[in-house]
Number of protein chains: 2
Amino acid sequence: MAEGSVGGETLLFLTDEQLRKGIEAMFFAYRGFTADPDRILERMDYGRAHHRALHFIHRSPGTTVNNLLSILGVTKQSLNRVLRSLIDDGLVESRVGRKDRRERHLFLTEKGAELERELSDAQRARMRAAYRAAGPAAVQGFRTVLEAMMDPEMRRHYQSMKESGS
Amino acid sequence: MAEGSVGGETLLFLTDEQLRKGIEAMFFAYRGFTADPDRILERMDYGRAHHRALHFIHRSPGTTVNNLLSILGVTKQSLNRVLRSLIDDGLVESRVGRKDRRERHLFLTEKGAELERELSDAQRARMRAAYRAAGPAAVQGFRTVLEAMMDPEMRRHYQSMKESGS
DNA sequence: ATTTTATGTCAGCCTTGTTGACTTTCCAAG
DNA sequence: CTTGGAAAGTCAACAAGGCTGACATAAAAT
């Protein structure tokens with residue numbers, strides 16, 4: 001396969017062809033990764049941007065707009081458009097900060113939590129199936145490579161909740 | 001960690017929390033995955049869609065528009081717009097099919113191959129660094145999980161060139 | 001009192017998806 | 001041979017969701 005042994009250590013032959021396969025794997029897999037939520041979102045009048053907002057508000061209830069901006073890596077105008085519709089539709093609640101009243105703290109309403117659940121159930125189902133099919137060792141490797149692929153700032157966001165639920 | 005042993009077999013505890021980490025890993029890693037090519041594309045007046053077209057024409061020289069459509073999963077109108085600019089700019093050559101003159105066979109010109117190389121060099125550099133950091137076993141697992149996550153049709157496209165260069 | 005920070009909003013632009021309508025080409029059934 | 005349908009490509013128009021720039025407001029910090 002793609003490995004060889006030298007002095008007891010296993011090495012990878014990182015040919016361009018090997019790397020190209022990794023690149024295409026990312027491309028095709030990401031399509032699958034978003035496919036199920038996308039189908040649900042289409043029924044409402046929402047898009048992937050709404051899903052991302054719901055996801056991270058769910059993950060960190062009470063997060064501020066600014067914090068969300070740095071996680072999502074978009075402009076405030078872009079996020080605001082999405083947030084506006086979610087708030088107007090009663091899926092997200094925006095509360096003025098008590099300590100710093102310039103800040104807005106974001107929470108899912110019951111209705112928002114419901115949609116978030118539906119979306120992440122669909123996404124988790126696929127992830128669970130892939131994990132089961134691949135096995136525990138593969139899952140470990142999957143997470144390790146993905147983490148190594150992140151930009152440092154994104155890795156911080158990722159790790160900041162690393163083992164919070166395990 | 002996230003594993004346990006029962007009768008010599010290792011099992012995964014697929015808690016929602018574990019799965020959520022996988023989901024976020026995909027999200028953050030994909031951002032890193034596209035970041036370097038995106039920076040290059042910005043300098044030209046191209047976007048990610050152009051990169052994808054160049055990539056798959058490079059991979060399969062002479063491919064038809066229809067074949068490209070099924071790989072990329074967009075409408076022909078959407079692809080056509082991108083293809084048009086690449087052809088007009090002299091990066092892609094479109095040859096009328098000899099057997100079926102409705103078909104167009106696509107090839108990279110020297111100029112197109114050059115840009116493709118620059119883009120994939122950048123993307124491969126990050127992939128190579130991640131592979132090196134994670135190690136061979138992790139790489140194997142990475143590819144296995146990603147493949148399990150694909151839609152069946154995409155998996156076919158992926159596997160169709162599986163070991164062509166290894 | 002002034003400046004900085006956090007947020008929101010308006011306007012306008014670009015990329016890249018979409019659908020619908022149309023042409024050209026090919027092929028096959030009559 | 002003709003005709004009708006399927007396949008490939010093109011043009012036009014629209015929408016989502018990125019972007020920048022400008023500006024308003026409120027609150028915190030200096």
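A, B, ... follow the sequence lines: proteins, then strands. Residue 1 opens every chain.
- Interface residues of residues 78-97 of chain B facing DNA chain C, ordered by number: S78(B), R81(B); criterion, heavy-atom separation under 4.0 Å.
- Heavy-atom distances under 4.0 Å link DNA chain C to T64(A), V65(A) of residues 56-65 of chain A, given in residue order.
- At whole-Å resolution of the value, CZ in R98(A) and C1' in dA28(D) are 18 Å apart.
- Summarising the geometry, the separation between NZ on K76(B) and C1' on dT10(D) is reported as 8 Å, rounded to the nearest angstrom.
- Atom CG in L72(A) sits roughly 9 Å away from atom P in dG18(D) (whole-Å rounding).
- Checked for salt-bridge contact, R117(A) and E110(A) meet the test: a charged N lies under 4.0 Å from a carboxylate O.
- One interatomic measurement links the two molecules: NZ of K99(B) to C1' of dT25(C), which rounds to 15 Å at whole-angstrom precision.
- Between the axis at the start and the axis at the end of the helix from dA1(C)-dT30(D) to dG30(C)-dC1(D) there is an angle of 10°, using five pairs per end and rounding to 10 degrees.
- Within the structure, every side-chain polar atom (N or O) of T75(B) is placed at least 4.0 Å from both OP1 and OP2 of dG17(C).
- Contacts of residues 29-55 of chain B with DNA chain D (heavy atom under 4.0 Å): none.
- Taking atom CZ on R101(A) and atom P on dA6(C), their separation rounds to 17 Å, with Å as the unit.
- Not counting sequence neighbours, the partners of E118(B) by the salt bridge (Lys or Arg N to Asp or Glu O under 4.0 Å) test are R43(B).
- For a distance-only test at 3.5 Å, the side chain of Q77(B) fails to qualify as a donor-acceptor partner of the base of dG9(D).
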List, with names and distances, any nitrogen or oxygen atoms from the protein found under 3.5 Å away from nitrogen or oxygen atoms belonging to nucleotides 1-7 of chain D.
from	atom 1	to	atom 2	distance (Å)
dA7(D)	O4'	R102(B)	NH1	3.2

